[in-house]
Amino acid sequence: MNDKYEYIKNIDFTRFKTGLRTVLCGELRNDSVGTDIKVCGWVNRRRDHGKLIFIDLRDFSGIIQVVTDSNINEAVYNIAKDIRTEYIVAVEGKVSARTPETINRDLPTGEIEIKADKISVLSQSKTPPFMLDSRDRVDEMARLKYRYIDLRTAEMQSNIRLRHEVTTLTRNYLNENGFIEVETPILAKSTPEGARDFLVPSRLNPGNFYALPQSPQLFKQILMFSGFDRIYQIARCFRDEDLRADRQPEFTQIDLEMSFVGMDDVISLIEGLLQKLFKKALDLNLNTPFQRLSWKKSMEKFGSDKPDLRFGLEIHDITEIFSRSQFNIFINVINKGHCIKCLKIEDAGDFTRKDMDNFVDMAKKYGAGGLIWIKVENNNQFNSPVAKFLLPDEKEKLKDIFSLKENDLLLIVADDFYKACYSLGAIRSYLGKKLNLIDEEGFIFAWVVDFPLFEWDEQEKHFSPVHHPFTSPSADTLEFLEKDTLKVNSLAYDIVLNGAEIGGGSIRINDIEVQRRIFKILGFDDKRIEENFGFFLRSLEHGAPPHGGIALGMDRLIMLMAGLESIREVIAFPKTQSAYCMMTESPSPVTELQLQEVFIKLSGIKNIHDKKVKS
RNA sequence: GGAGCUGUCGUCUAGUGGUUUAGGACACGUGCCUGUCACGCACGAGGUCGCGGGUUCGAAUCCCGUCAGCUCCGCCA
């Protein structure tokens with residue numbers, strides 16, 4: 001049976017009994033035959049057979065067929081005649097068994113129907129802009145504009161209810177583990193670095209602004225200093241950056257913080273949570289502990305800090321082979337202490353010259369200087385734009401190491417470690433999909449650990465934190481903080497699922513001197529430290545326990561659990577790529593008076609009212 | 001900030017310089033129909049081809065610009 005409403009689980013139907021209805025549409029089975037019921041719902045479809053009209057009545061629980069017969073009750077029949085799709089009606093009648101030949105096996109309620117004694121229209125509806133059962137073929141713009149209709153579909157009901165299940169299970173699990181839920185301000189303080197803040201002007205403090213929190217990070221830590229031991233929050237976070245399929249300007253994190261813990265404590269707690277979520281919501285068993293790999297190894301083998309481990313196709317280092325190379329590109333790279341990385345694709349005979357150009361473009365797009373391809377032809381000849389620059393023994397070594405045979409393809413990037421790995425990692429992901437190497441049903445988790453604490457920001461010419469500035473350096477690399485900054489590792493951990501980062505956390509700094517040193521390395525002077533983090537440093541010097549935490553990107557997690565490709569599908573009212581809400585038409589201009597009250601004067605904007613005038 | 005793709009009745013689409021008066025399907029309206037369940041049948045209404053400009057005897061079609069949506073790079077402590 002094809003039951004679109006299988007998201008209705010463990011529901012106590014009696015709770016939904018109201019003055020207007022005694023049962024839900026999806027509730028009844030043939031054991032109710034003969035009873036009189038009242039039911040309310042939307043008209044999913046009406047089928048008019050002349051003297052006989054069928055109405056498929058829908059609510060969140062399912063669909064039931066209502067029948068009116070002009071020979072039996074003409075008044076009801078006449079009402080049914082004027083009813084249209086998406087009208088909301090109340091039906092009173094008797095549950096009756098369908099004759100064997102009229103049973104609908106596609107419907108859980110297909111063995112019965114309701115003979116209507118009374119139908120009243122509770123609300124009329126204009127013809128809907130699109131049909132609910134063709135939703136997946138409807139342009140997303142229309143779905144977002146008429147979100148209230150899109151949300152009626154079984155798919156969206158299922159997604160939003162899955163979301164509710166995840167939050168409920170999470171709260172229960174964390175409560176059982178001694179956490180309490182604490183709210184923190186939405187009108188918060190703007191802090192430097194990180195993402196762009198959303199600003200909120202203060203009427204009572206002219207010229208001053210709140211920022212919407214990018215995460216409740218500092219509040220979580222301060223609650224540890226306050227002795228709550230374990231807190232969590234299903235936290236809304238705001239970041240004013242460009243959107244993606246998996247990024248919205250406001251999104252939700254399962255955000256938690258714990259006292260007197262090390263990395264393993266947080267990791268095993270989260271493994272337990274995910275195990276419970278997947279078991280209860282999807283009936284899937286996850287094996288724990290999840291595998292762990294270091295950031296370095298993840299970059300080296302998969303070219304990503306969020307590797308998709310559902311398939312192999314690992315990256316290899318072939319720098320050694322070319323140590324005496326005559327090829328300029330390789331010589332230059334090796335002289336700079338950089339490396340040569342390689343991806344081997346077997347049976348690549350179908351790839352054309354155009355595909356090769358495409359690989360080169362992809363490598364460039366992801367930051368590499370270029371890409372070299374070598375295709376193995378029959379009798380083991382190398383077909384490659386650089387074949388003539390390769391020494392015979394280099395060719396032999398490549399054949400040897402990769403056991404090359406006809407139609408094998410090597411994609412080679414020579415660049416610094418990060419660019420070489422990153423660009424080949426992007427190609428690896430592309431090929432994983434293109435060559436169908438991925439088991440779409442599988443969920444492969446991993447922890448990525450041993451991140452560097454800092455990276456060098458080439459544009460801004462300063463160090464910036466890989467995680468955030470409150471992440472603790474590892475004890476064994478702490479000594480390099482000032483003298484070999486990039487060598488310092490952090491006690492940060494990311495959790496990765498099927499090539500997506502679904503969360504990250506760290507053991508935090510609880511030593512004010514270390515915290516001050518970190519701010520210094522990040523290039524903050526004393527004045528700026530005091531202005532932005534003074535409150536936090538003062539809180540650190542009044543007794544701060546060792547503590548750590550993590551935040552899971554809940555929208556992404558639910559998206560992956562539901563097998564979807566955009567978090568917009570699991571958010572009730574998402575925004576478009578230009579951060580615009582199609583339904584409410586927000587953001588929008590405000591009145592001059594509103595601006596005056598918050599002491600704001602607009603400048604440098606052209607055509608403020610011209611935009612968004614459409615459809 | 002950048003790249004790519006897309007935009008034709010309410011919806012999904014056909015149409016790549018000339019019988020196109022822009023075609024079809026679904027939805028919608030009217031009528032017929034007593035067992036359908038994506039009901040069926042007949043008839044009907046519905047489109048300034050996203051917007052602006054250009055090329056051309058002629059533009060939905062080609063060119064430029066612009067707006068919107070999507071995907072991606074940058075960005076996202």
Side-chain angles (χ1 to χ4, degrees), chain A residues 44-57 63-72 77 84-86 98-107 109-110 113 126-146 149 191-197 214-215 217-218 237-249 251 358 361-362 364-367 422-423 426 429-430 453-455 457 459 463-471 490 492 501 504 506 518 522 532 551 553 565-566 568 575-578 580 582 607 610-615:
Chain A
N44 201 55
R45 257 209 170 76
R46 190 184 69 111
R47 288 178 296 281
D48 185 341
H49 284 250
K51 300 288 180 230
L52 187 68
I53 295 173
F54 299 98
I55 290 170
D56 288 342
L57 198 64
I63 289 178
I64 184 134
Q65 176 166 280
V66 176
V67 200
T68 68
D69 187 328
S70 67
N71 287 336
I72 295 168
Y77 167 82
R84 293 292 179 270
T85 307
E86 297 304 308
R98 298 201 197 182
T99 58
E101 67 277 11
T102 62
I103 286 174
N104 183 352
R105 298 280 165 210
D106 292 334
L107 232 48
T109 60
E113 62 194 2
K126 291 172 79 168
T127 303
F130 52 86
M131 286 180 293
L132 269 63
D133 55 7
S134 64
R135 167 189 157 276
D136 55 344
R137 283 172 280 120
V138 173
D139 190 81
E140 196 179 356
M141 252 193 279
R143 291 179 48 211
L144 291 175
K145 180 169 178 184
Y146 302 97
I149 291 169
T191 53
E193 298 277 311
R196 208 171 281 115
D197 282 323
Q214 297 179 23
S215 92
Q217 185 56 36
L218 292 178
C237 304
F238 305 86
R239 294 176 193 177
D240 188 6
E241 295 294 345
D242 287 2
L243 286 79
R244 288 281 195 285
D246 63 352
R247 278 166 29 189
Q248 284 273 305
F251 60 98
N358 184 29
D361 289 343
M362 277 185 80
K364 286 180 179 166
K365 178 173 159 186
Y366 286 85
Y422 185 63
S423 56
S429 298
Y430 166 79
L453 188 59
F454 299 100
E455 59 195 347
D457 186 331
Q459 267 183 343
F463 291 109
S464 65
V466 170
H467 190 56
H468 59 51
F470 317 104
T471 299
S490 73
E501 183 198 324
S506 62
I518 300 276
L522 293 175
N532 289 298
E565 302 207 321
S566 162
R568 294 187 299 275
K575 294 184 173 55
T576 67
Q577 200 160 55
S578 55
Y580 185 73
M582 285 283 190
N607 302 332
D610 289 358
K611 235 188 144 190
K612 310 290 184 189
V613 179
K614 61 180 288 287
S615 58

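Every chain is numbered from 1, with letters handed out A, B, ... down the list of sequences. Treat the numbers as computed from the prediction; the structure is a model and nothing was measured.
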- [ ] Look up atom CG in A/Asp242 and atom CD in A/Gln577, then write down how far apart they are to the nearest 0.5 Å.
- [x] 8.0 Å
TODO: Working to the nearest 0.5 Å, report the span between CD of A/Glu113 and CG of A/Asp56.
DONE: 10.5 Å
Nearest-Å distance, [atom1] ([X]) to [atom2] ([N])?
{"X": "A/Glu140", "N": "B/A68", "atom1": "CD", "atom2": "P", "answer": "16 Å"}
{"X": "A/Asp48", "N": "B/G40", "atom1": "CG", "atom2": "P", "answer": "13 Å"}
{"X": "A/Leu107", "N": "B/U36", "atom1": "CG", "atom2": "P", "answer": "15 Å"}
{"X": "A/Met141", "N": "B/U6", "atom1": "CE", "atom2": "C1'", "answer": "9 Å"}
{"X": "A/Ile53", "N": "B/G40", "atom1": "CD1", "atom2": "P", "answer": "16 Å"}
{"X": "A/Arg46", "N": "B/U30", "atom1": "CZ", "atom2": "C1'", "answer": "12 Å"}

Could you tell me whether [X] contacts a base, only the sugar-phosphate backbone, or nothing, with contacts defined as non-hydrogen atoms closer than 4.0 Å?
{"X": "A/Phe470", "result": "nothing"}
{"X": "A/Pro465", "result": "sugar-phosphate"}
{"X": "A/Asp56", "result": "sugar-phosphate"}
{"X": "A/Lys51", "result": "base"}
{"X": "A/Tyr422", "result": "sugar-phosphate"}
{"X": "A/Gln248", "result": "nothing"}
{"X": "A/Arg84", "result": "sugar-phosphate"}
{"X": "A/Gln214", "result": "nothing"}

Mind checking who [N] pairs with, Watson-Crick or G-U wobble, both distances under 3.5 Å?
{"N": "B/U36", "result": "none"}
{"N": "B/A60", "result": "none"}
{"N": "B/A42", "result": "B/U30"}
{"N": "B/G65", "result": "B/C51"}
{"N": "B/U71", "result": "B/A3"}
{"N": "B/A25", "result": "B/U11"}

State which of [options] makes the closest approach to the side chain of [X].
{"X": "A/Asp242", "options": "B/G35, B/G1, B/C72", "answer": "B/G1"}
{"X": "A/Ser578", "options": "B/U11, B/G69, B/U36", "answer": "B/G69"}
{"X": "A/Thr85", "options": "B/G74, B/C28, B/G35", "answer": "B/C28"}
{"X": "A/Asn104", "options": "B/G74, B/C37, B/C73", "answer": "B/C37"}

TODO: Find which nucleotide of RNA chain B each of A/Met131 and A/Thr99 is nearest to by heavy atoms, and output the residue with the more 5' nucleotide.
DONE: A/Met131
Task: Earlier contact from the 5' end, RNA chain B, for A/Ala195 and A/Ser566 - done: A/Ser566
On a whole-Å scale, what distance lies between the [atom1] atoms belonging to [N] and [M]?
{"N": "B/A22", "M": "B/C32", "atom1": "C1'", "value": "32 Å"}
{"N": "B/A27", "M": "B/C39", "atom1": "C1'", "value": "15 Å"}
{"N": "B/A45", "M": "B/G24", "atom1": "P", "value": "12 Å"}
{"N": "B/U16", "M": "B/C49", "atom1": "C1'", "value": "14 Å"}
{"N": "B/C5", "M": "B/U48", "atom1": "C1'", "value": "26 Å"}
{"N": "B/U13", "M": "B/U8", "atom1": "C1'", "value": "9 Å"}
{"N": "B/G7", "M": "B/A14", "atom1": "P", "value": "8 Å"}
{"N": "B/G53", "M": "B/G17", "atom1": "P", "value": "24 Å"}

Open item on the list: By a 5.5 angstrom centroid cut-off and a 30 degree plane limit, is there stacking between A/Phe130 and B/U11?
Closed with: no
Open item on the list: Looking at B/C39 and A/His49: do their rings stack (centroid distance under 5.5 Å, interplanar angle under 30°)?
Closed with: yes
So for [X] and [N], does any side-chain atom that can act as donor or acceptor lie under 3.5 Å from a complementary atom in the base?
{"X": "A/Arg98", "N": "B/C37", "result": "yes"}
{"X": "A/Glu241", "N": "B/G74", "result": "no"}
{"X": "A/Arg137", "N": "B/C12", "result": "no"}

Measure from the side-chain N and O atoms of [X] to the backbone N and O of [Y], and report whether any donor-acceptor pair falls under 3.5 Å.
{"X": "A/Thr68", "Y": "A/Tyr77", "value": "no"}
{"X": "A/Ser423", "Y": "A/Tyr366", "value": "no"}
{"X": "A/Arg84", "Y": "A/Thr127", "value": "no"}

Phosphate-side-chain proximity, [X] and [N], N/O vs OP1/OP2 below 4.0 Å:
{"X": "A/Tyr580", "N": "B/C70", "answer": "no"}
{"X": "A/Arg143", "N": "B/G10", "answer": "no"}
{"X": "A/Arg47", "N": "B/G35", "answer": "no"}
{"X": "A/Thr576", "N": "B/A68", "answer": "no"}
{"X": "A/Arg244", "N": "B/C73", "answer": "yes"}
{"X": "A/Thr102", "N": "B/U36", "answer": "no"}
{"X": "A/Gln577", "N": "B/U71", "answer": "yes"}

Task: More than 12 heavy atoms from other groups under 6.0 Å of CD on A/Glu565 - done: no
TODO: List the steps, then state whether side-chain contact (heavy atoms from CB on, under 4.5 Å) holds for A/Gln214 with A/Glu241.
DONE: CA-CA 11 Å; A/Gln214 297 179 23; A/Glu241 295 294 345; over 6 Å; no
